[in-house]
Asker: 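I'd like to ask you about the structure that follows.
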There are 2 protein chains.
Amino acid sequence: MVTAAQRGQEVRQRLLRAAAELIVERGWTAVTTRVLAQRAGVAPGLVHYHFTSVQALLVEAAVEVARSVAAQTAPVLAGADSADEALTTLLGMFDTADGTDPTSVLFVEAYLAATRDERLRQALGEMLGQFRRQLADCLATHAVADPDATAAVLAAAIDGVLLHRALAAGPHGGALAAVLRRLVTAGPEGAR
Amino acid sequence: MVTAAQRGQEVRQRLLRAAAELIVERGWTAVTTRVLAQRAGVAPGLVHYHFTSVQALLVEAAVEVARSVAAQTAPVLAGADSADEALTTLLGMFDTADGTDPTSVLFVEAYLAATRDERLRQALGEMLGQFRRQLADCLATHAVADPDATAAVLAAAIDGVLLHRALAAGPHGGALAAVLRRLVTAGPEGAR
DNA sequence: ACCCTCCCTGGTCGATCGTCCAAGGCGAAT
DNA sequence: ATTCGCCTTGGACGATCGACCAGGGAGGGT
């Protein structure tokens, strides 16, 4: 037997999934109560029953997606045998993304919304810091110079490449990896 | 004597400036006819007199700002004596930006809006292509390997760094330049 | 003096917005 | 069987939205 509470949680999840889709399709500030409910297949009133506001729902949905992506990248960085391997595997995960794919657009939408929502900014800032730290640990283990700054730039470069792919075709696969590899193969003398 | 046509053009410019401000403050899809008019200090009806729609006004405003930034970077790339110098000067132009400054936010907002507006996507895509080409020419002149892919990655890295700065503090100035310099100082043997 | 053209005003239109709420439904506990 | 607590429904509220337009006003050409 399915309890009412279980059905309630499932509705919550459906609303979160609908929010993630609609942020991408319409843009953060254009996601409305009624469209959310329709996409989730529930009555409009349920949105404000399960969440205090539409904005709170969007924030929770975005953070959840970011968390799931972070959960995928973490083991890659922790288990790599070399900085080269970590880079290659990481790029492989994003190589099918063309900048207009749901995940890429959602991330950028969340970044922007974070400039206008302090809670979201803090949540995403912590996750970015965590990713940078994991990446820096990976680079430090494999003797890359200035691992902290390198990790920050590498993370930024990946996001930037995805951002630019939405506008115009850019380097993919091997060509992209070859350029980015310069960041992690320079020895300690790379820093002046 | 100020003719009516001159005043009309000035109102148009005021609306474009107001649009650029409001896109940053409120987000692309949250800029409304009436707020635009109020910020520009004109009657609401003028928005749809000078522009066919609010969306058209936003697109024109974003493209105009992008063009003015491109006009600032172009001479830097063309006149640099070395790839190092071009990189340093370029970074200097963006070093005061913290990711929440008007120009950075406007660019990202425009990138996102471009995924939902084909005209804007094409306009920004052309400008990105032009910037990449200028940067690639600069790199090629100073014997950097694989200038096209390097230029694309470098451009993406700069945008990515600005994007991430909005979420968390990142490398600035010398530390940032030191890492990015690896991209442009690797010789032809850098590509395996 | 006339008209023509363009700029501008201020308000109306139907649609849609976020939020809230009274009332109904239904399993679980008493 | 009754009560309790949570989930759910569908609509009401005032505010605001983009787009539109009838009409006023003021130079410039005739």
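Within every chain, numbering begins at 1; the chains are lettered A, B, ... in the order of the sequence lines, protein sequences first and strands thereafter. Every heavy atom of this structure was used, including side-chain atoms; hydrogens, water molecules and symmetry mates were not.
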Asker: Check for me, please, whether L128(B) and L90(B) land in the same ILVMFWY cluster - side-chain distances under 4.5 Å, paths through other members count.
Answerer: no

Asker: How would you list, by chain and number, every residue that makes a side-chain contact (heavy atoms from CB on, under 4.5 Å) with A56(A), sequence neighbours excluded?
Answerer: T52(A), S53(A)

Asker: Please report, rounded to the nearest Å, how far the P atom of dC20(C) is from the NE2 atom of H48(A).
Answerer: 7 Å

Asker: Quick one: list whatever passes side-chain contact (heavy atoms from CB on, under 4.5 Å) with A40(A), sequence neighbours left out.
Answerer: R14(A), L15(A), A18(A), V42(A)

Asker: Provide the full list of salt bridge (Lys or Arg N to Asp or Glu O under 4.0 Å) pairs with a residue in residues 47-58 of chain B, sequence neighbours left out, each pair given once.
Answerer: none

Asker: Does anything in residues 33-46 of chain B reach DNA chain C, meaning a heavy atom under 4.0 Å, and if so which residues?
Answerer: R34(B), A43(B), G45(B), L46(B)

Asker: Taking only N/O atoms, report every protein-nucleotides 22-26 of chain C pair under 3.5 Å with atom names and distance.
Answerer:
none

Asker: Salt bridge (Lys or Arg N to Asp or Glu O under 4.0 Å): which pairs involve residues 37-48 of chain B, sequence neighbours left out?
Answerer: E21(B)-R39(B), E25(B)-R39(B)

Asker: Using whole Å, report how far CD of Q6(B) lies from C1' of dC8(C).
Answerer: 17 Å

Asker: What residue pairs, at least two apart or across chains, pass salt bridge (Lys or Arg N to Asp or Glu O under 4.0 Å) with a residue in residues 54-82 of chain A?
Answerer: R12(A)-E60(A)

Asker: Between dA19(D) atom C1' and L58(B) atom CG, what is the distance in whole Å?
Answerer: 15 Å

Asker: According to the side chain to side chain donor-acceptor pair (under 3.5 Å) rule, which pairs have a member within residues 154-164 of chain B, sequence neighbours left out?
Answerer: D159(A)-H164(B), H164(A)-D159(B), Y111(B)-D159(B)

Asker: Does H50(A) place a side-chain N or O at less than 4.0 Å from the phosphate oxygens OP1/OP2 of dC6(D)?
Answerer: no

Asker: Okay, side chain of R121(A), backbone of T115(A): is any donor-acceptor separation there less than 3.5 Å?
Answerer: no

Asker: Could you give the angle between the helix axes at the two ends of the helix from dC3(C)-dG28(D) to dT30(C)-dA1(D), with five pairs per end, rounded to 10 degrees?
Answerer: 10°

Asker: Keeping to residues at least two apart or across chains, list the salt bridge (Lys or Arg N to Asp or Glu O under 4.0 Å) pairs with something in residues 82-103 of chain B.
Answerer: D84(B)-R181(B), D95(B)-R165(B)

Asker: Got a sec, which residues hit side-chain contact (heavy atoms from CB on, under 4.5 Å) with T33(A), two or more places apart in sequence or on another chain?
Answerer: V47(A), H48(A), V54(A)

Asker: Among residues 11-21 of chain A, which residues get a heavy atom nearer than 4.0 Å to DNA chain D?
Answerer: V11(A)

Asker: Between dT5(C) atom C1' and Y49(B) atom OH, what is the distance in whole Å?
Answerer: 9 Å

Asker: Using atom CZ of R26(A) as one end and atom P of dT16(C) as the other, report the distance to the nearest whole Å.
Answerer: 10 Å

Asker: Where the side chain of T150(B) meets the backbone of A145(B), is there a donor-acceptor pair that is under 3.5 Å apart?
Answerer: yes

Asker: Among the clusters formed by ILVMFWY side chains lying less than 4.5 Å apart, do L167(A) and V105(B) turn up in the same one?
Answerer: yes

Asker: Could you tell me whether a side-chain N or O of T141(A) sits under 3.5 Å from a main-chain N or O of D137(A), the two making a donor and an acceptor?
Answerer: yes

